[in-house]
Amino acid sequence: MAEIIKGPKGVPVYLPPQSATFLAVREALTSPARHAGYGYIELPVYEDTSLFVRGVGESTDVVSKEMFTFTDRGERSITLRPEGTAGVMRAVIEHGLDKGQLPVKIYYAAPFFRAERPQFGRYRQLQQVGIEAIGGDDPALDAEVIALADEGYRSLGLSKYELRITSLGCANCRPAYRALLQDFLRGLELDVETQERARVNPLRVLDDKRMEVQRQLTHAPLQVDHLCADCAEHYRLVKHYLLLLNVPFVEFPRLVRGLDYYTRTTFEFDHPLLGAQSGIGGGGRYDGLMTELGGAPLSGIGFGLGTDRTMIACDAEGLTVGDPARCDVFLVPLGSEAKDYAVRLAGQLRRVGVRVDMAYGDRALKGSMKAADRSGARYAVVIGDRELADRALPLKSLATGEQELVPADSLVQTIVGNLEA
RNA sequence: GCGGUCGUAGCUCAGCUGGUAGAGCGCCGCGUUGUGGUCGCGGAUGUCGCGGGUUCGAGUCCCGUCGAUCGCCCCA
């Protein structure tokens with residue numbers, strides 16, 4: 001026997017019927033964006049490596065050790081996208097969307113790639129839903145973006161997650177705070193690796209999960225206490241609009257994100273039931289990114305929501321998401337004449353939008369009924385010589401077991417009517 | 001990249017201190033005429049992750065490897 005080829009490591013596979021949940025979650029997370037004027041964007045899965053190095057930031061873990069990078073036949077360095085924002089910015093700049101009506105509002109649902117050690121909820125190919133609103137400083141826009149994420153989660157029935165927000169300041173006030181924090185960190189007892197992090201990206205140290213580190217951070221200076229007047233007012237208004245939108249949140253001054261481009265408003269959705277990988281989504285403002293990538297000096301804000309992790313969160317909260325039924329109606333033909341009839345009927349029903357499957361392979365009635373049951377269909381229709389002679393078919397409800405005889409001519413109409421009821 | 005745990009039928013797992021494999025679920029069939037889901041009976045399916053070693057003999061011990069999983073770093 002030939003050797004079985006295995007799938008790539010750390011990539012989740014969604015098979016029926018669970019894959020229906022994946023589709024439903026993705027739909028739930030993208031739907032709010034479509035209701036707020038965001039248009040869909042389809043982008044390359046790979047980009048020039050320098051896009052991510054410049055956009056995401058060289059000092060980030062994502063860029064320094066988690067990228068799938070290779071050289072193509074033209075000796076160009078190519079990278080499978082590790083996140084979505086940089087690619088969106090590139091496309092916006094390249095195609096001049098920033099020259100049109102602002103803000104540019106865009107959403108996507110796509111796979112991303114990170115060469116990490118796989119774990120539960122952490123994959124090498126991860127699915128994310130994201131939106132970007134480019135060319136707007138208005139704090140109401142920040143609140144909209146956050147609210148759309150919240151709406152996505154809420155529409156799935158999730159209730160146990162927590163929205164955390166803070167402000168990271170801007171190019172004016174961040175450097176001073178950063179220096180202040182570095183001074184503070186220098187006075188602590190930290191291991192070499194953490195000291196290095198304090199030098200390169202001091203904010204990241206605030207996020208350390210280790211008790212011995214957290215203990216020393218009790219009195220660490222926080223960015224929210226050192227915002228410039230503009231940033232403080234912006235942050236105040238974001239919270240104001242979130243209240244108007246009825247989006248519950250907690251202020252989380254220690255919130256740190258892994259990508260370098262974030263400024264001002266930053267947020268994260270955390271789900272306590274997921275263990276170590278508790279972040280189900282996050283995002284923030286990136287006011288310097290466009291210019292960093294050679295575009296017009298436009299600010300922007302967006303989010304990335306983990307589709308995989310949201311599925312896990314739904315499962316953890318015991319939510320049933322998506323319809324696992326493969327069809328609405330299952331046809332059971334007995335004999336070749338009935339089979340002709342069933343094939344034709346299946347075609348007719350599908351054309352009017354009814355999901356139909358039928359018993360193939362000339363199975364015995366009993367086996368076919370079993371298949372009907374397993375299909376999740378609401379109705380079964382047995383078609384045999386009697387039905388063909390009488391021109392009337394039994395429409396059987398698989399839930400109740402009751403069946404009514406329906407004239408052949410009105411069967412399609414009756415089924416459509418019953419399914420809509 | 002680092003540390004822990006695990007890897008037996010499609011799925012969930014049992015298999016005590018080494019003696020040539022089991023259960024439940026699922027799947028297929030039967031319970032006489034054309035009706036599924038419950039019940040009863042019957043049946044198929046495993047190179048016990050892979051490679052090597054110890055042994056008369058290994059699913060069971062040792063080493064390696066791959067994979068999964070939990071934690072760290074980090075992140076969706």
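Counting any heavy atom pair closer than 4.0 Å across all strands shown, A:Lys9 reaches sugar-phosphate atoms only and no base atom. The residue A:Gly367 sits apart from the nucleic acid: no heavy atom pair falls under 4.0 Å. In this structure, A:Glu387 reaches the bases: a heavy-atom distance under 4.0 Å links it to at least one base atom across the strands shown. Nucleic acid contact for A:Glu83: none, since no nucleic acid atom lies under 4.0 Å from a heavy atom of the residue. A:Leu398 comes within 4.0 angstrom of a nucleotide base, judged by non-hydrogen atoms across all strands. Residue contacts shown for A:Tyr123 include a base, since a base heavy atom lies under 4.0 Å away. Residue-level contact check: A:Gly283 touches neither bases nor backbone, having no heavy atom under 4.0 Å from any strand. As judged by a 4.0 angstrom heavy-atom cut-off over every strand, A:Ala399 is placed among the base-contacting residues. Among the protein residues, A:Arg124 comes within range of no part of the nucleic acid, since none of its heavy atoms lies under 4.0 Å from any strand.
Among B:rG1, B:rC28, B:rG34, the nucleotide with an atom closest to any side-chain atom of A:Val382 is B:rG34. Comparing B:rC74, B:rG67, B:rU35 by their nearest atom to the side chain of A:Glu116 picks out B:rC74.
Side-chain atoms of A:Asp373 and base atoms of B:rG36 include a donor and an acceptor less than 3.5 Å apart. The base of B:rG36 sits within donor-acceptor range of the side chain of A:Lys396, with an N or O pair under 3.5 Å.
Between B:rG67 and B:rC30, the two P atoms lie 44 Å apart (nearest whole Å). B:rG46 and B:rG64: their P atoms are spaced 31 Å apart (whole Å). For B:rG29 and B:rC66, the P atoms lie 43 Å apart once the distance is rounded to whole Å. Comparing the C1' positions of B:rU8 and B:rG59 gives an interatomic distance of 7 Å, to the nearest angstrom.
Partner assigned to B:rG18 is none, using Watson-Crick or G-U wobble distances below 3.5 angstrom. Both distances falling under 3.5 Å, in either a Watson-Crick or a G-U wobble arrangement, place B:rG42 opposite B:rC28.
Between A:Arg122 and B:rG71 there is no side-chain polar atom (N or O) within less than 4.0 angstrom of OP1 or OP2.
The residue among A:Gly282 and A:Ala380 whose nearest nucleotide of RNA chain B lies closer to the 5′ end is A:Ala380.
Rounded to whole angstrom, the span from the CZ atom of A:Arg117 across to the C1' atom of B:rC72 amounts to 11 Å. For the pair A:Leu393 CG and B:rG34 C1', the computed distance is 14 Å after rounding to whole Å. One can place CZ of A:Arg204 at 7 Å from P of B:rC74, the figure rounded to the nearest angstrom.
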